[in-house]
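Below, chain A is the first sequence line, B the second, and so on; all start at residue 1. Here the structure is a predicted model, which is why all the values come from computation and not from measurement.
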Amino acid sequence: MMGYSGYFFREVLTNIRRSPLMSVASVTTVLVLTLILGYFTALMMNLEALAHSLLREVQVVAYLDDDANRVSVAQQLDRIPGVEEAHFVSKETALKKLVERMQGRIKVDDLTRNPLPDSYEVAVDSADSLELVAKRAQRIAGVSYVKYGEEIAQRMLRFNSLVRTVGVVILGLLFLSTVLIVSNTIRLTVFARRKEIEIMQMVGAAEWFIRWPFIMEGVLQGLVGSVVAATLVGGSYSLVVPKLMQTITFLPIVQAEDLLPMLIPALIFNGAFVGGLGSLLSVNKFLKV
Amino acid sequence: MMGYSGYFFREVLTNIRRSPLMSVASVTTVLVLTLILGYFTALMMNLEALAHSLLREVQVVAYLDDDANRVSVAQQLDRIPGVEEAHFVSKETALKKLVERMQGRIKVDDLTRNPLPDSYEVAVDSADSLELVAKRAQRIAGVSYVKYGEEIAQRMLRFNSLVRTVGVVILGLLFLSTVLIVSNTIRLTVFARRKEIEIMQMVGAAEWFIRWPFIMEGVLQGLVGSVVAATLVGGSYSLVVPKLMQTITFLPIVQAEDLLPMLIPALIFNGAFVGGLGSLLSVNKFLKV
Amino acid sequence: MFGLFNRPELELDTSGNVPMVDICELDLVYENGHQALHQVNLQIQKGEFVFLVGTTGSGKSSLLKLLYRELRPSSGNVLVGGLDLGDLARNEVPYLRRSVGVIFQDFRLLGNKTAAENVAYALEITGTAKRKIPSRVAQVLELVGLSDKAKRLPSQLSGGEQQRVAIARSLVNQPSLLLADEPTGNLDPDSTWDIMQILSRVQNAGTTVVVATHNQQVVDLMRKRVLVMKRGHLVHDLARGAYRLDGRGSGLHVDQPSTPFSAVEL
Amino acid sequence: MFGLFNRPELELDTSGNVPMVDICELDLVYENGHQALHQVNLQIQKGEFVFLVGTTGSGKSSLLKLLYRELRPSSGNVLVGGLDLGDLARNEVPYLRRSVGVIFQDFRLLGNKTAAENVAYALEITGTAKRKIPSRVAQVLELVGLSDKAKRLPSQLSGGEQQRVAIARSLVNQPSLLLADEPTGNLDPDSTWDIMQILSRVQNAGTTVVVATHNQQVVDLMRKRVLVMKRGHLVHDLARGAYRLDGRGSGLHVDQPSTPFSAVEL
Ligand SMILES: Nc1ncnc2c1ncn2[C@@H]1O[C@H](COP(=O)(O)OP(=O)(O)OP(=O)(O)O)[C@@H](O)[C@H]1O
Ligand SMILES: Nc1ncnc2c1ncn2[C@@H]1O[C@H](COP(=O)(O)OP(=O)(O)OP(=O)(O)O)[C@@H](O)[C@H]1O
Ligand SMILES: [Mg+2]
Ligand SMILES: [Mg+2]
């Protein structure tokens, strides 16, 4: 078959030149769907990053008795599985932070004594460890009270898994849609040429001989469409992200250089694959003897 | 032309029966794209609701001097344009809330005196009024300090407009994509029948006579595809939303009965319109004398 | 609204006061530069029966295509029933074609309609009352001998049967001008003769008939007016003529193969 | 991998030890229940030239379609060059068709390829060396008299010219069996005669030729074996025969219109 590839390639080009409408239709379809797929993937990645960044803010705080032994508590905290790091926050630091946060609503002069306790902020390796770490920390002598923001943690966990599930489902459906619509479109272009296929069979062309130019044409159309789409996605993403980072400082945004080196080849491969597969399946439908 | 509509309708049905592949392709394409459009609109509506609910939490707080005249301050606050309601929070209430919020991190017994001031929580009619209300409140005698969480307000405002802009842009692009892909698909089905159109012209059929069955077929295909898609969107939304409301209490979710009565007819109309328009444009391309 | 309904009325002058076909200094040059017709001048009166003969590629189909406005003249004029086809607006063309029945060399049947539906279509487009259509279609199919195959799709008919469907379709509207391009190329001699009798009858009813054909026997036996084309020129116009292609006389030449075979290894 | 490359080798037995065509108790019933062929028995030896005649719809094309496996017999056997076509696997069919040249009644040219490309395609599929193709194509187009129109698309050719492209394509592979379905229906008598001479020459080179035709003159002059079909039956098998359809004798009947016109208002 290698010997024929030059011939097939010329066939494909001639065919595109003589009936451009069909190629334009396939290419546009691949292009538009790849655009949707690309932008949606970028959106998903960002939501995922957002969910992840929110998760990182969840931590266990262990408040200490006034007479607790800091060092011993720290050692015991470190020994709990799932604990990454325990950071000491003195009552003075805590008060300073509180006053800062309350911006004038508390008058420090009014306080004869710091009402806040010392504490350890404990970072854990995963959200799943939260509850266990909190329970074990509670049992340590010198720890008066443990807080891990069950509610926020729950919310974050749920939000995270929601984003992930919905994202994967939508991405999967979008992918299926792309396959379906592209192969539909290609099936129509093949349908428009069914007489041709019939004639080729009549004069004795083997099935693979008929099939290859169609497959190559599908791959080519898929490639052209997805390369243009990937370029658009990549270009607009690297253009918009820096601007977005300046305005929306409160949301974590995935950098272009972290996303595109994966996304662009994936989109292009996808286009070529869907184009080729769509052609193959369609031609087979009309190859009956 | 009315006299012909029965004839045209029979034409359409016969044609669909005799070459079902083309109808299947158009219908599936409309279906899939309407699904995407429908789900995305639902998502957008929910993001919009989320952004809106976040906005509502933004308010102006006016802290009072110890010797301020509560009633006079309240009257003056009420007179500021944009103020909806001013709610008095005594220093005692404020302390109780703070202690509650700090869950054991503050020991009330340690306090010889309440360090917090009295305050008014002022609800405003829109985010745009925030700054003005804050400025005017600051000038009132007896108000020591005004806070309106510029930072949070800014974030919320930006988030809100970001969601809205991105949403409208994506929705617009999705709509354009739908129109483009559907008319592409239909153009291919018409292309596959170009010989037929040629013959119809040869035997003397007027252009409108040739065109109408195609348009009706496009509308029909668009209708079938979008009705199925709208049913799927509507069904799954009313199924999933109640469950989601139970699990994710922290996010506002648009009720099915608030969304669907608008969304479903819009999707169906859109399908029929795009189908018909796609056909009209495609047939015209092949109607050359 | 998009010109969806416009319906210009247009009538051919079939009074006989003007020639049915009036061609004047006609040139036809195809897009690729090939000149298919050279300075053709021709008049055909209402009710005439004319054979158009000539070697393959001599321009017969091209000439007919000009008469139903599939093509436009490159220069010169083509008048049908007094109408100058060069001036015809785009939305008037369908109305011309309803007065001009055409039997195409390649049949041109609608592949997704049955034989009866193909014939009926030509009536439906003219707005014929629905109840009149079935009987009229049945009549015409009977005339061409296809009554038993009315419900077949073209793909289920033999070549000759498809040709007869095409003939039925061209007759069903009782056209003022009937153009037939090789209407019997796929028919056996008996069927051919039947069809020629039908065309004669159509002529007797007042229709002008133009038949492009290679069938020497038919032309010779019918003794009608014969137009001979050669490389795009109208070279002879014979009243009650016989089939003859210029130069070589008529018919088959058993002993004179005209192509040198020696050049080809077979 | 999807059977993309499988390439069974398959050869017809052209030694002359078995008949080229051997048909035995053949019935053909179409999907709609129409029986197109009834109990046909027929042998054609290597190198024979056979005319197949019969009224429209008598089953000529159907019989030819069975010989290149466009159709399968409903019962009975069809052997070509010793191969039972009923047993042929799907991926073997292309190889049969390369040994069997076919001239189709409706030409079946690839609309997006030029005349030369259409002919070349039949060579390309067989894996003919690329450099040999152009000269071979030019030779065959020369043979059918179309050298000057090699670069035209079918839509730019006249009916007869398209037919000659189809003839060229069927010859280019030097088939062992050549099937021609009304190969001259769109040709003038001179061209017809040229083509018949070519087919004769092909026969002399050892190819078996089967021609379905309505052309009485050709059959009468050539004096080859004639098979007469009638409503799906093979009713006559005449060595060095003339054109005759059973019952009505031969040719045209000027004075006996066979269809009652009176029923139709025209
Ligand atoms: N696909 C089909 N389905 C049903 N009937 C068919 C089909 N194809 C052909 N026929 C019928 O079979 C009969 C034989 O057809 P065939 O094409 O073999 O005739 P033919 O001898 O070639 O005629 P012609 O001279 O007109 O080409 C005809 O009556 C035709 O109507
Ligand atoms: N679309 C086209 N573009 C270029 N040349 C064309 C086109 N159509 C026809 N021709 C050429 O014009 C000439 C006349 O063609 P036409 O079809 O009128 O011949 P014809 O007399 O009908 O022949 P036949 O008897 O074979 O049907 C031919 O040489 C043909 O090649
Ligand atoms: Mg012609
Ligand atoms: Mg036939």
Side-chain angles (χ1 to χ4, degrees), chain B residues 1-23 183 189-219 273 276-289, chain C residues 1-10 64-65 68-72 85 88-104 106-114 117-130 133 153-155 166 169-170 172-173 175 179 181:
Chain B
M1 124 86 202
M2 276 310 124
Y4 286 102
S5 57
Y7 164 75
F8 287 154
F9 197 64
R10 262 175 295 120
E11 275 283 300
V12 169
L13 292 188
T14 310
N15 185 52
I16 290 176
R17 202 156 31 79
R18 293 206 183 132
S19 50
L21 169 76
M22 295 196 284
S23 299
S183 63
T189 67
V190 176
F191 180 74
R193 293 166 65 189
R194 64 200 178 284
K195 287 266 171 247
E196 234 177 275
I197 295 179
E198 216 180 285
I199 295 172
M200 290 170 170
Q201 285 197 295
M202 287 298 164
V203 295
E207 297 191 359
W208 62 267
F209 194 90
I210 299 173
R211 225 182 254 130
W212 273 110
F214 278 96
I215 296 176
M216 283 174 63
E217 193 173 328
V219 170
F273 179 76
L277 190 70
S279 281
L280 176 61
L281 297 179
S282 310
V283 181
N284 278 352
K285 274 210 109 180
F286 295 101
L287 277 178
K288 280 173 235 141
V289 180
Chain C
M1 164 193 186
F2 299 104
L4 293 180
F5 299 105
N6 52 350
R7 217 177 154 175
E9 284 309 329
L10 179 146
L64 295 183
K65 281 177 188 166
Y68 58 90
R69 241 306 300 273
E70 182 172 342
L71 297 174
R72 279 168 188 269
L85 302 194
L88 218 57
R90 189 178 141 172
N91 59 5
E92 291 171 335
V93 173
Y95 302 92
L96 166 73
R97 290 185 182 166
R98 293 177 195 183
S99 304
V100 179
V102 186
I103 303 167
F104 300 92
D106 50 357
F107 316 155
R108 305 210 193 171
L109 300 176
L110 294 166
N112 60 351
K113 288 185 186 290
T114 63
E117 286 168 350
N118 262 286
V119 176
Y121 191 78
L123 287 174
E124 280 152 358
I125 58 172
T126 62
T128 308
K130 216 186 298 176
I133 293 179
L153 294 174
S155 60
R169 180 179 63 186
S170 74
V172 74
N173 262 331
L179 307 175
D181 199 352

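To the nearest 0.5 angstrom, C:Tyr121 atom OH is 3.5 Å from B:Met200 atom CE. Atom CD of B:Glu198 sits about 6.0 Å away from atom CZ of C:Arg108, to the nearest 0.5 Å. Taking CZ of B:Phe209 as the reference point, atom OG1 of C:Thr126 lies at 8.5 Å (rounded to 0.5 Å). Separation of atoms CG (C:Leu110) and CZ (B:Arg193) is listed at 9.5 Å; rounding is to 0.5 Å. A distance of 8.0 Å separates CD1 of B:Ile199 from CG of C:Asp106, quoted to the nearest 0.5 Å.
Smallest separation of non-hydrogen atoms from C:Asn112 and B:Arg18: O-NH1, 2.5 Å. Closest heavy-atom contact between C:Arg97 and B:Gln201: NH1-O, 2.9 Å. Contact record, B:Val203 with C:Ile125: O-CD1, 3.1 Å, taken as the closest heavy-atom pair.
With hydrogens and angles ignored, the 3.5 Å screen pairs a side-chain donor or acceptor of C:Arg98 with a backbone N or O of B:Gly204.
Contact check on C:Lys113 versus B:Glu196 returns no salt bridge, with no Lys/Arg side-chain nitrogen under 4.0 Å from an Asp/Glu carboxylate oxygen.
With sequence neighbours excluded, no residue forms a side chain to side chain contact (heavy atoms under 4.5 Å, CB included) with B:Ser183.
In this structure, the portion of C:Leu153 lying under 4.5 Å from any heavy atom of chain B is its side chain and not its backbone. In this structure, chain B has heavy atoms under 4.5 Å from both the backbone and the side chain of C:Glu124.
The closest side-chain heavy-atom distance from C:Lys130 to B:Tyr7 is not below 4.5 Å.
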